2 protein chains.
Amino acid sequence: MMIERGARNEASAASKAESILAAAKRMFLESGFGAVSMDAIARAAGVSKATVYAHFAGKEELFGAVIARECERYLSEFSTGELDPGNARTSLAMLGRRFLELLLSPDALALHRIILGEVGRFPALGEVFWRAGPERNLGQIEAFLTAAARAGSLEITDARLAAEQFAALVRGEVQLRHLLRLEQNADGPGVATLVDAAVDTFLRAFGRRGPQR
Amino acid sequence: MMIERGARNEASAASKAESILAAAKRMFLESGFGAVSMDAIARAAGVSKATVYAHFAGKEELFGAVIARECERYLSEFSTGELDPGNARTSLAMLGRRFLELLLSPDALALHRIILGEVGRFPALGEVFWRAGPERNLGQIEAFLTAAARAGSLEITDARLAAEQFAALVRGEVQLRHLLRLEQNADGPGVATLVDAAVDTFLRAFGRRGPQR
DNA sequence: GTCTATACAGTGATAGAC
DNA sequence: GTCTATCACTGTATAGAC
């Protein structure tokens, strides 16, 4: 009797923690930290405020849990196994397209906005995010560039620097325009077009024998 | 008597509005919108809360006034008159260095953070900022690239695209690391080194006959 | 216009019953 | 663990005297 009640409550507790995190994620990413109240989160999650405080010590801890969780989702993103170091153009276009599609996804944009907006108040956010997102992407790009240089399809001396420059070319100004809400994902030239332009420029700088001319 | 008093008060009013704006700027840029109270702004400006509300209809209007004002300060920045379209490397290095120094200045970083953080709540911020900052810089770069292409020191077909790519190369990842508070202005390779690397890559892609080899 | 004082709403957080 | 009810506190905004 007490055991049954305990078991049911444990399951219920896990599920409620989940609803709280889901509601908090949605509201924080949408409206920022300061504009969201614990009351609103509790209401959206269908629980009482006291329940929220039973699971999370306070608003800041709940915020940290949400952001850390979202950052970790990026850690299990794509692999680079199927890239061909012998074919730089095709591989870079594929790498760049996945990179840019991730950057322009609504969740990633919202995460960027809130982290940049709150990194002053929560300094730890900066490093958590950097390691979960940008640094990891740069590492993958650098690994491919190193392999491609070894395979002879690229002429690269400083792979880390080249990786940063490739990432910068792909990102261009389009990410900023999206962050500022000047463009929606559909507007403007498509992702593929932007990436192709970036790959063109990158290969003119680092390609072994320019492909055209 | 009443006139003297009125005149003194007008002057005093203008000066108080100025103190309020200055205090609000400092606090908003430092802590964001939600974390700053009207009470704290009034205290920092040395006036009463009622005086703040006499000059600005509310917190949002005061915030908008501060941000619009900061954005306009960027509009009167540097000129491109002294650049030499015949010497692409030197001119691009100078252009890039001023661009990056501006981007990494504490005020610009704080402005970026708060605008990105609050653009969800204040959609107008995005366009105001874009026109005051990035768009203007891109226009200057594009104008120089066009002149350099005409002068024969660069091979450029789409000057707008090339300008975006140059800006992206210069900005690289260093702006993001600063925004995330992972680096201070002093850390890492100096601005000049970063810009030189960006100019190198840009000239390998767009230079008329690579300068080396 | 400017101040002091205050009304009012909404916040984060908790106590006690179940 | 979960709820209802409530706490103390802060921030927004206004009234009224000067």
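So that the names make sense, note that chain A is the first sequence line, chain B the second, and so on, each numbered from 1. The structure displayed is predicted, hence computed values, not measured ones.
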So, are B/Glu82 and B/Arg98 salt-bridged, with charged N and O less than 4.0 Å apart? yes
Separation of D/dT14 atom P from B/Met38 atom CE, nearest Å, is 11 Å
Distance check needed: D/dA13 P versus B/His55 NE2, whole Å only. 16 Å
Contact class for B/Lys59 (heavy atom, under 4.0 Å): base, sugar-phosphate, or nothing? sugar-phosphate
Between D/dT14, C/dA13, C/dT2, spot the one nearest the side chain of B/Tyr53, thanks. D/dT14
Nearest to the side chain of B/Lys16, which nucleotide is it out of C/dT2, D/dT12, D/dT2? C/dT2
B/Glu60 has an atom CD; how far is it from atom P of D/dG11, in whole Å? 17 Å
Whole angstrom is fine here: how far is it from CG in A/Asp39 over to P in C/dA9? 16 Å
Are A/Glu173 and B/Arg171 ion-paired here, with the side-chain N under 4.0 Å from a carboxylate O? yes
When the ring planes of B/Phe33 and B/Phe28 are compared, do they come out parallel, tilted or perpendicular, using 30° and 60° as the limits? parallel
Rounded to whole Å, how long is the line connecting atom CD1 of A/Ile41 with atom C1' of C/dA13? 14 Å
Decide if the gap between the ring center of B/Phe206 and the ring center of B/Phe166 is smaller than 6.0 angstrom. no
Let's see if you can work this out: which of C/dA15, C/dC3, D/dT2 has an atom nearest to the side-chain heavy atoms of B/Val47? C/dC3
Once you apply a heavy-atom cut-off of 4.0 Å, does A/Val36 come out as touching a base, just sugar-phosphate, or nothing? sugar-phosphate
Can you figure out which of C/dT14, C/dT2, C/dA13 approaches the side chain of A/Ala50 most closely? C/dT14
If you take atom types as modelled and just measure distance, does the side chain of A/Lys49 reach the base of C/dG12 with a donor-acceptor pair under 3.5 Å? yes
Protein-nucleotide distance (B/Phe33, atom CZ; D/dT12, atom C1'), rounded to Å: 11 Å
Nearest to the side chain of A/Thr51, which nucleotide is it out of C/dC3, D/dT12, D/dT2? D/dT2
What is the distance, rounded to the nearest whole Å, between atom CZ of B/Phe56 and atom C1' of D/dA13? 16 Å
Just checking B/Ser37: base, sugar-phosphate only, or nothing, at a heavy-atom cut-off of under 4.0 Å? sugar-phosphate
Value in whole Å for how far the P atom of C/dC3 lies from CD1 of B/Ile20: 9 Å
Pairing of A/Arg43 and A/Asp39 as salt bridge, 4.0 angstrom limit: yes
